[in-house]
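The analysis underlying the following values was restricted to heavy atoms, covering all of them including side chains, and did not include hydrogens, waters or symmetry mates. Both counts, for ligands and for their atoms, begin at 1 and track the order of listing. All figures in this text were calculated on a predicted structure; none of them were measured in a lab.
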Amino acid sequence: MTTMVQEKNVTVPKKGKQIYEGKAKKLFETDNPDLVIQEFKDDATAFNAKKRGTIVGKGVINNKISAMLFQLLEKESVPTHFVKLLSDREMLVKRLEIVKVEMTIRNIAAGGLTRTTGIPEGTKLKKPVLEYHYKSDELDDPLINMDHIRELGIATEEEMKQIDKMTLKVNELLKAFFAKAKIDLIDFKLEFGRHHGKILLGDEISPDTCRFWEQGTGRKLDKDRFRRDLGDVEGAYEEMLKRVSEKLS
Ligand code: 5GP
């Protein structure tokens, strides 16, 4: 029988060979088949890797912010893949079979929503808008619906109900958390996976995957500074780490 990892004070397993390299992270196997190490890089890409660059120190910041937010969510009974922060750039996580849907949730119109619907950037949405995007680089992560998910065999109706519910809950928790740090949570993307049949929140939650606007000034404190060449990208990431750390200490 395979043993499930349940405790945070699990012995740190030995880092093994690289099993995957994505745009912002690498994954390494460990000598425990249930656990992998997620390593955060400074590489930045946008527009499906048509734009490439480096944000110095981003990997360290995203690792730390993600670790803090996963811990905050776990305390609120949201099951995540997070196990332990290992170093500046590495976290130990539970191995997931990734559900190939990017869950996007929006509170204020920006980016893709503005492009697809014409709702002006900055419009407060009546209620959170949830979108499914098919996780496919070849197809440019297209917007899909539950019929597409069923047809492609991506997940069951039951799993998607659970994922919707978890996404909405994470949105409420994070919106309230960031408000305390004087930040509006505009929108963000989550990914989920299966671990011994249970749905867990995976991937990362960071300025790479969220839009953060400073309350009062509207200053963008996220990857849009890189996407749109707004300057001082590193400063924005550092500011977000400072605000999250302050509110959690
Ligand atoms: P949009 O659809 O407006 O481009 O993105 C909505 C939100 O989800 C933004 O906060 C954006 O950062 C995040 N997001 C959506 N898709 C991706 C993706 O492929 N990579 C990253 N890093 N973030 C994404």
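- Looking only at protein heavy atoms, the nearest one to atom 16 (N) of ligand 1 is Glu102 OE1, 3.5 Å.
- In this structure, Ile186 is not a member of the same hydrophobic cluster as Leu113, with clusters built from ILVMFWY side-chain heavy atoms closer than 4.5 Å.
- Atom 3 (O) of ligand 1 has Gly112 N, 2.7 Å as its closest protein atom, hydrogens excluded (heavy atom only).
- For ligand 1, the atoms closer than 4.0 angstrom to any heavy atom of Gly111 are 3 (O).
- In the vicinity of Thr104, heavy-atom distances shorter than 4.0 Å reach the ligand 1 atoms 6 (C).
- Scanning the protein heavy atoms around atom 11 (C) of ligand 1, the nearest turns out to be Arg227 NH2, 3.7 Å.
- Counting only heavy atoms of the protein, atom 23 (N) of ligand 1 lies nearest to Asp208 O, 3.4 Å.
- In this comparison of Arg106, Lys135, Lys189, the heavy atom closest to atom 14 (N) of ligand 1 sits on Lys189.
- Residues Glu172 and Lys169 are not paired through a salt bridge, judged by the lack of any N-O separation under 4.0 Å between the basic side chain and the carboxylate.
- If you check which protein heavy atom lies closest to atom 5 (O) of ligand 1, you get Arg211 NH1, 3.7 Å.
- Met240 CE to Glu214 CD: the interatomic distance, rounded to the nearest 0.5 Å, is 10.0 Å.
- Counting heavy-atom neighbours within 6.0 Å of Lys50 NZ, excluding the residue itself, gives a total above 12.
- Under the 4.5 Å side-chain contact rule for hydrophobic residues, Val36 and Leu201 share a cluster.
- Contact annotation: for Asp187 versus ligand 1, heavy atoms closer than 4.0 Å belong to both the backbone and the side chain.
- Those atoms of ligand 1 that come under 4.0 Å of a heavy atom in Asp141, given as number and element, are 19 (O).
- Arg227 CZ to Phe47 CZ: the interatomic distance, rounded to the nearest 0.5 Å, is 7.0 Å.
- A salt bridge (Lys or Arg N to Asp or Glu O under 4.0 Å) with Glu121 is found for one member of Arg211, Arg115, Arg228 and no other, namely Arg228.
- Residue-level proximity to ligand 1 for His133 is absent, since no heavy atom of it falls below 4.0 angstrom.
- Looking at Lys41 and Glu39, no side-chain N of the basic residue comes within less than 4.0 Å of a carboxylate O on the acidic one, giving no salt bridge.
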